[in-house]
Amino acid sequence: MKFQKEKTLVLLKPDAVQRNLIGEIIGRFERVGLKIIAMKFVVPTKDQAFKHYVKNDAEIVALGNRSIEGKKKSGIEVKEDPKTLGQQIIDRLVRFLSSGPVVAFVLEGNQAISITRKLVGSTEPLQSAVGTVRGDYTIDSYTLADNDNRAVRNLIHASSSQFDSGYEIDVWFKPEEIYSYNNVRDRILYDVNLDNIND
Ligand code: CMP
């Protein structure tokens with residue numbers, strides 16, 4: 001069967017860079033079998049960070065709604081409307097992402113989007129499973145971040161859908177900066193016929 005080749009965008013946020021976790025995190029994606037096909041070290045502008053997070057206006061309200069739902073579940077009273085809250089979260093995310101160098105890269109491989117999300121773990125560090133990047137390396141929480149009026153420091157971003165990965169890859173890379181090359185490992189991961197591996 002032909003494998004489901006996907007590309008996904010990953011950002012190691014300023015906290016990952018400041019904590020010297022670049023190699024540790026990237027190694028996990030290399031190890032699982034994903035291929036790095038583009039990479040850069042960059043201090044994002046506020047415009048770039050905004051473009052990355054806001055694909056369309058509806059997303060601001062959706063983010064506000066997700067936050068309200070989460071707060072209600074934790075018994076926290078919410079006074080703001082979804083748009084105001086969403087905008088507040090976006091402002092914090094933009095401030096955080098543009099605060100220092102980040103590592104941006106594109107991973108390619110079979111079902112790269114969901115495999116990468118699995119390795120990254122859930123957004124709120126309090127809930128991310130042990131063994132995931134966020135579960136293993138963060139102890140921040142939405143509550144702490146909200147109290148300090150800042151974005152949650154959750155180390156890493158990974159695209160959540162095919163639409164998002166296409167959009168986000170365009171925000172960070174020009175087409176000529178992406179290299180879809182063959183590497184020697186492809187054969188053992190994807191070759192249809194491995195009857196004689198010595199061939
Ligand atoms: P990231 O993976 O970079 O992409 C979207 C970001 O929005 C996410 O990390 C979190 O930092 C932030 N985010 C998502 N949901 C919420 C929420 N309910 N409250 C606060 N921040 C959120």
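Note: hydrogens, waters and symmetry copies are ignored here, and every other heavy atom, side chains too, is used. Indexing begins at 1, ligand by ligand and atom by atom, following the structure's order.
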Backbone N or O of R150 within a donor-acceptor pair of the R95 side chain at under 3.5 Å? no

Please state whether the rings of F3 and Y190 are parallel, tilted or perpendicular, taking 30° and 60° as the class boundaries. parallel

Note: I26 and M39 closest approach over all heavy atoms is CD1-CE, 3.6 Å

Determine whether a donor-acceptor pair (N or O, by modelled atom type, separation under 3.5 Å) exists between the side chain of R134 and the backbone of I156. yes

Identify all N/O pairs between ligand 1 and the protein with a separation under 3.5 Å and present them as a table of atom names and distances.
{"from": "ligand 1", "atom 1": "2 (O)", "to": "R134", "atom 2": "NH2", "distance (Å)": "3.3"}
{"from": "ligand 1", "atom 1": "2 (O)", "to": "H157", "atom 2": "ND1", "distance (Å)": "3.2"}
{"from": "ligand 1", "atom 1": "3 (O)", "to": "K13", "atom 2": "NZ", "distance (Å)": "2.7"}
{"from": "ligand 1", "atom 1": "3 (O)", "to": "Y53", "atom 2": "OH", "distance (Å)": "2.8"}
{"from": "ligand 1", "atom 1": "3 (O)", "to": "H157", "atom 2": "ND1", "distance (Å)": "3.1"}
{"from": "ligand 1", "atom 1": "4 (O)", "to": "H157", "atom 2": "ND1", "distance (Å)": "3.3"}
{"from": "ligand 1", "atom 1": "9 (O)", "to": "K13", "atom 2": "NZ", "distance (Å)": "3.3"}
{"from": "ligand 1", "atom 1": "9 (O)", "to": "N154", "atom 2": "ND2", "distance (Å)": "3.4"}
{"from": "ligand 1", "atom 1": "15 (N)", "to": "Y142", "atom 2": "OH", "distance (Å)": "3.1"}

Polar side-chain atom of E124 near backbone of Y142 as donor-acceptor pair, under 3.5 Å: yes

Return a table of donor-acceptor pairs under 3.5 angstrom between the side chains of residues 112-122 and protein atoms on other chains or two or more places apart.
{"from": "T116", "atom 1": "OG1", "to": "A112", "atom 2": "O", "distance (Å)": "2.6"}
{"from": "R117", "atom 1": "NH1", "to": "A158", "atom 2": "O", "distance (Å)": "2.9"}
{"from": "S122", "atom 1": "OG", "to": "S128", "atom 2": "N", "distance (Å)": "3.4"}

